[in-house]
Each structure stands twice: as structure tokens, then as C-alpha cells.
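Proteins come first, then strands; the chains are lettered A, B, ... in the order of their sequence lines, and each starts at number 1.
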Amino acid sequence: MLNPLQRRMLTRRLLQTVPVLILATFSVFMLLKLLPGDVAITLAGENASAERIAEIRQNYGLDKPLLIQYATWAWNALQGDLSSSLLSGEEVTTTLARVFPNTLFIVCYAILISIVLGVPLGILAAARAGGLADRMVMLLSSIGVALPNFWIAMIFVVAFALNRTWFPATGFVSPFEDPLRAIWYATLPAVALAASGVAEVSRQLRSSLVEILQSQHFRTLHAKGLPFRSILWKHGLRNVSVNLLTVISLLVNRTLAATVVVEVVFAIPGMGNTIVNATLQRDFPVVQGAVLAMVLTVITVNLVTDMLYSVLDPRISQQ
Amino acid sequence: MSAPLLEVRDLTLGFTGRRGQPPLRILRDVNFSIARGERVGLVGESGCGKSVTGLALMRLLPATAQIGGTVTLDGADMARASAAQVRRMRGKKIAMIFQEPMSALDPVFPVGEQLGEALRLHETLPRAEEKARVVQALADVGIPAPERRYGEYPHQLSGGMRQRVMIAMALINKPDLIIADEPTTALDVTIQAQIMDLLRDLSERTGTALLFITHDLGVVAETCQRMITMYAGEIVEDAPVDDALRAPKHPYTSGLLRSLPHFNRERGQFAYIPGRVPAPNAMPRGCRFAARCPHAASACAEPQVLREIEPGRRVRCIRAEALDLDGAVERSPA
Ligand SMILES: Nc1ncnc2c1ncn2[C@@H]1O[C@H](COP(=O)(O)OP(=O)(O)O)[C@@H](O)[C@H]1O
Ligand code: SF4
Ligand SMILES: [Mg+2]
């Protein structure tokens, strides 16, 4: 399936991810440790004696030097053991398996909206470059890019959940349990996340289309008598598919990050809420595991993107 | 005599200027015709308006272009036809080959698909037959292993091969007229000659007329039957190629011929035309070539008209009959 060149690229990219993973988890670990607060005190309870706290520290290995603590965690993680939450005792892998699909669901939903709305808007704007439709789309997209996600999220809650009750204001239904209700529940958060995505996709698509439509090989297409709709939809879209892929890939990464805030606003039991709560309680195995999962996801997205590049642009695979 | 294939009457071209700027007038009083199967060279220095003339015939100019006059191709007026009509003429009646083969093909589609697409626009064929026709078209322009090339992308072909693909694409619907705008300028010298030979052969074989835009008069001598000289947006001379080369009637044509390298070698002289083409917004009222013309006289300050001085020869110079101008070929002693 993969040619040798693609396989070599894949290997190289996988090796490159190792330092990224170490750096990401190590810096998150250090940040957590530098924050004031101590999980041992939480665990021991309000009025625990100093001995009790020290004992708990020892039990959890919290008395060891920081580097040893990190190395222990990393060594276990390498073997697939992300250890357990210090507070609930639940295995971190179990927690992740529970909450990560929820985040992915919201993110995929948001990306889908960004593409389904953003692509036609971008094409419309490019086809009528300089016209009224173009200016409307560009105006809306500058607004969409400028507004923060959480603000859009809260406006949506007020407008469509509290004032009109078309959608639930908070909460979440797993898509595995009840897909229709899951979509209904996820719509407001996904739209809030997608507002900037639609704006970004339409904007970038418009500008790369407008540019490619001016290029020399598009004059050839006109010269051979091709109607404008084929020029735009067939050759135009195919020529900018690489740019579009870049935009979408960046968007996936950004949406993954942005989902943290939106999950909190809508009380969605996903990665965002998990990371926020675990950080507040200094429950470092949970934070570490969640960060690791997020970084791995981003790396996978980037890897798939790079692979798709060579599929979309024949010039890349031959180089 | 039957009606010409292409008849260009009083063609003018301007571009709307930026806000507040007056429009740029690029072409004026362009009149010429091309017979079926005829090969015509359109020559002149860079910036004289050759490319925009070709693009105007194809109606390929940007929206800022304002075109006047009529362009009658096989009885239909290209300048006034609807966008849909123009689209149906492109490829089928009139086709164009551009200067840059490197950037004229779509990089993300195989060449076979790009040719097949052109064919499909004017003919409905079963897939297998379409492919056979495309492969044949590639073979016709001398592309080796056309079956394999069919599935290849432009970047896998050399510049010369790409230009052959462009020629195959222009020819695939058997148009009546092909406009070739400096088709060999971007290629190696040896490849240039091959491409020119190919174009001439194909034109002879298929009876396709050729408007050949170039600044290389040597190529016109070898390929064309008639030569039209353009200067500063006007036609200044239109003559059978042999006459134009032997005895040009316009000082500008003569100047172009005298600056040909082999001409200089023979006579041991260098004869570049001094000065440069006036800018579109600074055209003189009188003869546009006057500032560079060694024969300028007071009568030249009047606007010059393109007039017929003998059957089949037109020139835009009031002194044409009085001058005895050098050509590129030695004239036999009278
Ligand atoms: N799209 C355009 N807008 C404005 N001016 C143009 C445009 N295209 C060409 N011109 C001008 O028209 C003149 C003739 O250009 P061109 O036909 O390319 O010359 P040639 O092919 O003889 O070298 C030049 O002065 C050029 O700057
Ligand atoms: S009209 Fe006069 S200036 Fe113009 S080309 Fe003829 S001789 Fe020269
Ligand atoms: Mg040109």
C-alpha cells in the first residue's frame, strides 16, 4: 500500500515524535509540580497529622526526586501502564477510554460543520470574487475568526438553550448509547467550536481559489472551452485540495485545544473537563495521561495529513 | 475567392485604468484576415500587442478589457458572441498554444485526462474510444510511448514534450485556426526547431490555419506564408513572407530584419533599432515609429493609415513608395 518512500517518511516521522512526547509530558509534569498545592494533603483529609501525610507521600512515591517520579511514570507509560488516579483510584486508561470518545465526537462534529459550511461558502466567495456574496462571506468570516469560542458558546447557550430551549444548555449523551440524542446534545457545543472553523475554511479556500483561478494553466482551461463550473469545481478544488488539507489539519489541532473551554461551558464529560479537574486537584497521573493522549492525537493527525499530501499532489510523491 | 476564415475588422482594445486613471489604449485599427489553411506570422518587439491580439481573438482577456470592432471566425462574430457561444467555439474552431509549456498544463491531472476532457467537450464518445483518440493524438505530435504518457503528469514530461502535449490538445478537436503565442521561446534551441517543424507539418497535413506569434523572424520565414508586423498596438505592415523579407516596405519591418543575427554577420554590421516602443499612455499623434525611424520626415507627424500599396501588400507609412529599404535576403541586381 505504501511505497518505500512513504514508508521511510513514516518511520522518520514516528522517530521524530519521541522527543515531542517526552518534552510535552515532562513540561506538563514539571508545571504541575511547580504549582502550589499537594495531592497528599487532599488525600489525607483536613485534619491529618504530618506523619499521615508523609506516609501517603511515601505510598504514592511522591517523596522521591522529581526526575525519578517522572522517569517511573514514563517507564510505566511506555509499557502501556498509565497508572491510576491518585484520588479515585480509577486506572487512567479506563478514564481516557470513557472521556476521550466524547471529546472526539464533539471535535469531529465541529470539523464536519466547518467543512460542510466552509467549503461551499469559500467556493461561492471565490466564484464571485469582489462581488456582494464575496464581501458578505468575508465579513462573516472575519467576525467568526475574531470572536473567542467560549464567548460564542455562551451566547449560543443564552440564545438557543435558555431563551428558546431548542437545544439542551448543558450535558452530554454518548453517541454509542443514543446517537440521535447525542447529536442533539452536541449541536450547540459543536457549532460554538465550528464558528471559527467555518470562517477559517471559507477564508483560506477563497483566497487559494482566487489565486489559482488566475494562474496560467487555468487560462488553458478557458482556452479549451471548459465551462466555468467545471473549471471551478473540478480543476479549482482539486488544485487547492492540498491547501484545504493544511487548513483542515490545523483546524483539527486547534479545535482539540479549544474543546477544553467549550466542554467546561457545556459541562461535557470529555478530555477538557478531565484535564481541568485533575489539574485543580494536582492529580498528576490523570493530567499526564490525558496530555499524552492529546499529543498522540495531534501527532497522528499530522502524520495522516502528510500522507494525504502525497496522494493529493502527484508532484510530492515523485520527489 | 471564398470568404476568409478569420476576418478582424477595426479591432480596438483598451484596459480600464485603476480608479481615477484614464483607460489604457493598447490596440487600435487592427485589420487583417486569415484564409483557410494559411500560416501567418505576427511579429514585433515585446509589448507591441501581439499576445493581447491573440487573446482578443480567443476572447480570453480579463474583465478589465474593452474590445471594439468585429472578429468574424467562420461567419460568427467572436467579439459579440455570448459566453456560451464563445465556449463552444474555443477548441472546436479556434485553439491556442501558449508560451510557457511548463505552467500551461494542470499539474494535478494526468495529461491523458486533460486531452480527454478537451475531446469530451465537443464529442460524446465511449470511454475506450476516447482513450484511443487521445493516445492517437499524442502519437500524432511525435510523443514516444503515448500509451504510457497517457497516465503521466505534466511534471514527468520535459518542456518539449509538454509543448507537444499542448499542441495535441489544441489539435484534438480539429480546429480551423490555431493561435500559437511564442510556442518555442521557453524551449532549448534544438527542441525549438522540432516544435516548429511539427507545427508546420501538422498545419499542412490537417489544413489548419496558423496564427504564429513570435519575435523570431527567422521562424516566420521558414514556417509562414504571410507576415504581419505590429508596432505599438498597430499593424504597420502585412505582406507575403518572401516580399516582406526581401523588400520590406515599412522602416520598422526593415529594422527588425536588419537586427537578425545572420544578417549582421553577412554584412558585418550591427543594426539594433535605437530607442524603445512608446508606452500606451504616451503615444505620439503621428506615426508611432517616428521617434525611432531613420527616415522620418515632416509628413510623418500626421496619423498614418494602413493602406494597400499593391495587391496583397499593406503598409502604414506615408513614405513607403519613396524608400528603398534593406531586407534580410540579398536582392538580385535589378
Ligand atoms: N491585462 C492587462 N492589463 C493592462 N495592460 C495589459 C494587460 N495585458 C497586456 N497589457 C499591455 O498591453 C501591451 C501589449 O502587451 P502584449 O500583447 O503582451 O505584448 P507582446 O505580446 O507583443 O509582447 C503591453 O503594454 C502590456 O503592458
Ligand atoms: S511614416 Fe515616417 S516615421 Fe513613420 S515609418 Fe514611415 S517614414 Fe518612418
Ligand atoms: Mg507576448
Side-chain angles (χ1 to χ4, degrees), chain A residues 3 5-6 123 125-135 205 208-247 305 307-319, chain B residues 51 54-55 57-64 83-111 113-122 151-156 162 165-166 168-173 175 178-179 181 186:
Chain A
N3 63 37
L5 208 129
Q6 286 170 321
I123 293 175
R128 308 239 189 293
L132 186 65
D134 181 25
R135 270 175 287 171
L205 182 61
S208 42
L209 266 178
V210 165
E211 194 188 321
I212 200 85
L213 288 175
Q214 309 289 333
S215 67
Q216 298 223 20
H217 59 277
F218 275 74
R219 193 174 58 182
T220 309
L221 298 177
H222 285 287
K224 67 186 188 187
L226 212 58
F228 184 63
R229 52 160 203 286
S230 315
I231 292 179
L232 186 66
W233 287 87
K234 180 179 171 184
H235 293 266
L237 269 190
R238 186 72 178 72
N239 270 272
V240 301
S241 56
V242 166
N243 310 38
L244 193 58
L245 178 64
T246 309
V247 174
T305 307
M307 290 290 165
L308 282 178
Y309 277 141
S310 61
V311 175
L312 288 180
D313 192 336
R315 286 164 296 187
I316 293 174
S317 54
Q318 249 94 32
Q319 267 160 22
Chain B
S51 293
L55 292 171
L57 303 188
M58 291 287 293
R59 275 268 297 268
L60 276 178
L61 288 162
T64 51
Q85 284 168 320
V86 168
R87 228 167 39 224
R88 281 193 291 275
M89 312 253 280
R90 288 180 189 152
K92 185 74 195 157
K93 297 235 170 254
I94 181 169
M96 189 156 182
I97 301 165
F98 299 99
Q99 177 171 344
E100 288 289 339
M102 291 303 175
S103 48
L105 288 164
D106 191 329
V108 296
F109 285 92
V111 295
E113 164 56 22
Q114 299 190 47
L115 265 77
E117 181 179 55
L119 190 57
R120 222 172 296 143
L121 283 170
H122 300 285
E152 289 189 349
Y153 289 90
H155 73 270
Q156 293 171 282
R162 277 186 232 187
V165 170
M166 285 299 296
M169 192 147 88
L171 276 166
I172 201 159
N173 289 302
I178 290 185
I179 302 169
D181 189 355

Between [X] and chain A, with a heavy-atom cut-off of 4.5 Å, which part of the residue counts as in contact: side chain, backbone, both or neither?
X: B/L55; value: side chain
X: B/Q99; value: neither
X: B/M166; value: side chain
X: B/L105; value: backbone
X: B/R120; value: side chain

Test your reading of the model: is there a side-chain donor-acceptor pair from A/R219 to the backbone of B/L60, 3.5 Å cut-off?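 No; zero donor-acceptor contacts below 3.5 Å.
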Where the side chain of A/K224 meets the backbone of B/Q114, is there a donor-acceptor pair that is under 3.5 Å apart?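 Such a contact is found between A/K224 side chain and B/Q114 backbone.
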Under 3.5 Å, is there a donor-acceptor pair between the A/H235 and B/E117 side chains?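 Judged by distance alone, the side chains do pair up.
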Sort out for me which of B/A84, B/A83, B/A118 touches chain A most, counting heavy-atom pairs under 4.5 Å.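 Result: the option with the highest number of such pairs is B/A118.
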Which portion of A/L221 sits near chain B, non-hydrogen atoms under 4.5 angstrom: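 The side chain, not the backbone.
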So, taking the atom named CD in A/Q216 and the one named CE in B/M102, what distance separates them when rounded to the nearest 0.5 Å?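 These two atoms lie 12.5 Å from each other.
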Output the distance between atom CD1 (A/I231) and atom CG (B/D106), rounded to the nearest 0.5 Å.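 If we round to the nearest 0.5 Å, A/I231:CD1 and B/D106:CG are 10.5 Å apart.
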Check A/T220 against B/A104 and note the closest heavy-atom contact, atom names and distance.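 Looking at all heavy atoms of both residues, the closest pair is OG1-O, 2.6 Å.
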With the side chain counted from C-beta on, respond yes when B/P107 and A/D313 share a heavy-atom pair under 4.5 Å apart, and no when they do not.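 Side-chain contact under 4.5 Å: no.
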